[in-house]
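The first residue of the sequence shown is numbered 1, and numbering continues consecutively from there.
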Amino acid sequence: MDIQVLLSTAGILAVDPGLIGTATAVVGGTGLLIGLFLGFAAKKFEVEVDEKELKVRELLPGANCGGCGYAGCDACAKAIAEGNAKIDVCPVANQEAYNAIAEVMGTTGEVKDKEVAFVKCAGTCDKVKLNYIYYGIKDCKKASIVPGNADKKCNYGCMGFGSCVKVCLFDAMHIVDGIAVVDKDKCTACGMCRKECPNNLIDIIPYESGTQVSCNSRNKGKDVKEACSIGCIGCKLCEKQCEFDAIHVTDNLALIDYSKCTNCGKCAAACPVKVIRIK
């Protein structure tokens with residue numbers, strides 16, 4: 001091929017117009033082929049998306065908290081649209097969203113009662129004793145592998161380092177006087193705090209439940225008393241007072257059956273350490 005790029009006597013680079021035309025044709029033709037290939041591939045491998053799934057996804061709040069049990073809002077919407085999850089599976093959505101999702105799904109749906117996280121510990125700084133002074137990393141999971149489960153004498157209670165606070169997307173968890181507390185009005189019951197707690201002392205309970213046992217210790221009464229002035233000692237006085245079979249002591253700890261509890265308050269009145277509270 002002749003070299004058609006010439007340097008003019010004035011020092012300006014000159015290009016043969018025929019060469020420009022050839023190059024343009026080559027580039028244009030290549031682009032056209034690539035475009036045709038991409039168009040074919042897009043059509044060939046197109047993934048059809050259910051319209052219901054898209055509509056449900058738009059109605060979800062988009063927190064991506066995982067409280068529904070799915071990987072995120074996209075997976076949650078897919079499960080609802082396919083009928084594999086209830087319309088109220090998202091704990092963050094409100095009643096209005098549930099109703100709208102039900103309409104998309106062509107059903108009235110079954111909407112569950114509002115729930116809220118509850119921390120089963122009342123061992124504030126003035127009530128729980130210490131084994132030693134802990135200077136380690138302020139993280140509950142890391143502290144839980146330290147001998148004695150960090151500094152507090154009760155190995156079942158709240159360590160107070162706020163790992164639950166860090167994962168809460170709704171500013172509903174705070175550390176107050178050494179223990180985690182829940183802001184009921186902000187809590188969406190997504191369950192992220194429960195998953196994060198190494199001591200498994202956060203439950204999801206009905207929002208309207210007024211009777212709560214603020215202890216998680218399975219130790220015997222004598223050991224509980226040595227560690228905390230407000231721990232459940234498993235005396236069963238609460239159990240004997242309940243007319244509705246709603247509270248029982250299991251493994252030295254009083255547990256409430258919220259489906260039976262009427263919030264009459266007799267168990268709380270009978271509790272000698274006042275670990276059962278009416279709120």
| query | Looking at CD1 of Ile179 and CG of Asp177, how far apart are the two atoms once the value is rounded to the nearest 0.5 Å? | reply | 7.0 Å

| Cluster check Ile205, Tyr207: I/L/V/M/F/W/Y, side chain < 4.5 angstrom | yes

| remark: Rounding to 0.5 Å, atoms SG (Cys267) and CD1 (Ile247) come to a distance of 4.5 Å

| What are the two closest non-hydrogen atoms of Met192 and Cys65, and how far apart are they? | SD-O, 2.6 Å

| request: State which residues pass salt bridge (charged side-chain N to carboxylate O under 4.0 Å, His left out) with Asp223; sequence neighbours excluded, sorted by chain then number. | output: none

| task | Return yes if some donor-acceptor pair links the side-chain N/O of Tyr156 with the main-chain N/O of Cys215 below 3.5 Å, else return no. | result | no

| query | Which value, rounded to the nearest 0.5 Å, describes the distance between Asp203 atom CG and Phe118 atom CZ? | reply | 8.0 Å

| query | Is a donor on one side and an acceptor on the other found under 3.5 Å between the side chain of Thr30 and the backbone of Val26? | reply | yes

| task | For the residue pair Asn252 and Asn219, establish whether any side-chain heavy-atom pair is separated by less than 4.5 Å. | result | no

| query | Just by distance, do the side chain of Arg218 and the backbone of Asn216 share a donor-acceptor pair under 3.5 Å? | reply | yes

| query | To the nearest 0.5 Å, what is the distance between CD (Glu53) and CD (Glu58)? | reply | 11.5 Å

| Glu103 and Asn99: side chain donor to acceptor below 3.5 Å | no

| query | Looking at side-chain heavy atoms only, is the closest gap between Cys235 and Pro272 below 4.5 Å? | reply | yes

| said: Between Cys232 and Val224, does the side chain to side chain contact (heavy atoms under 4.5 Å, CB included) criterion hold? Intermediate values first, please. | reply: CA-CA 7 Å; Cys232 178; Val224 171; 5.9 Å; no

| query | Just wondering, do Ser214 and Ile230 contact through their side chains at under 4.5 Å, heavy atoms? | reply | no

| Nearest non-hydrogen partners of Leu237 and Ala270, listed with the distance | CD1-O, 3.9 Å

| What are the two closest heavy atoms between Cys190 and Val92, and how far apart are they? | CB-CG2, 4.4 Å

| said: Has Lys220 got a side-chain atom pairing as donor or acceptor with Ile233's backbone, closer than 3.5 angstrom? | reply: no

Please tabulate, for the side chains in residues 158-174, all donor-acceptor contacts under 3.5 angstrom to protein atoms that are two or more places apart in sequence or on a different chain.
unit_1: Ser163; atom_1: OG; unit_2: Asp139; atom_2: OD2; d: 3.4
unit_1: Ser163; atom_1: OG; unit_2: Cys140; atom_2: N; d: 2.9
unit_1: Lys166; atom_1: NZ; unit_2: Lys138; atom_2: O; d: 3.1
unit_1: Asp171; atom_1: OD1; unit_2: His174; atom_2: NE2; d: 2.9
unit_1: Asp171; atom_1: OD2; unit_2: Lys186; atom_2: NZ; d: 2.9

| request: Could you check if a side-chain atom of Leu130 sits within less than 4.5 angstrom of a side-chain atom of Lys153, using non-hydrogen atoms only? | output: no

| Looking only at heavy atoms, what is the nearest atom pair of Ala227 and Cys154, with distance? | CB-N, 3.9 Å

| query | Taking Asn263 for the side chain and Thr211 for the main chain, is one N or O donor matched with an acceptor at less than 3.5 Å? | reply | yes

| remark: Here the side-chain hydrogen bond (donor to acceptor under 3.5 Å, both in side chains) pairs for residues 59-81, sequence neighbours left out, are Arg57-Asp74, Lys78-Glu82

| note | Hits for salt bridge (charged side-chain N to carboxylate O under 4.0 Å, His left out) against Asp185, two or more places apart or cross-chain, chain-then-number order -> none

| Are Val182 and Ile202 connected, step by step, through hydrophobic side chains (Ile, Leu, Val, Met, Phe, Trp, Tyr) whose heavy atoms are closer than 4.5 Å? | yes

| query | If you draw a 6.0 Å radius around NZ in Lys114, do more than 12 non-hydrogen atoms from other residues or ligands fall strictly inside? | reply | yes

| field | Pairs satisfying side-chain hydrogen bond (donor to acceptor under 3.5 Å, both in side chains), at least one member in residues 187-200, at least two apart | value | Asn149-Asn199

| message | Looking at Lys120 and Val213, would you say the former's side chain and the latter's main chain have a donor-acceptor pair under 3.5 Å? | response | no

| Once you round to the nearest 0.5 Å, how far does NZ of Lys260 lie from CG of Asp245? | 4.0 Å

| request: Please collect all side-chain hydrogen bond (donor to acceptor under 3.5 Å, both in side chains) contacts where either partner lies in residues 230-241, sequence neighbours excluded, each pair once. | output: none

| field | Tyr258 side, atom OH; Glu208 side, atom CD - distance, nearest 0.5 Å | value | 13.0 Å

| task | Would you name the heavy atoms of Asp88 and Tyr98 that are closest together and state the gap between them? | result | CA-CE2, 3.4 Å

| Under a 4.5 Å cut-off applied to non-hydrogen side-chain atoms, are Val119 and Val181 in contact? | no

| request: Please answer: with hydrophobic residues joined when any side-chain heavy atoms are less than 4.5 Å apart, are Ile80 and Val104 in the same cluster? | output: yes

| task | Kindly give the heavy-atom pair with the smallest separation between Cys68 and Cys90, and that separation in Å. | result | CB-CA, 4.3 Å

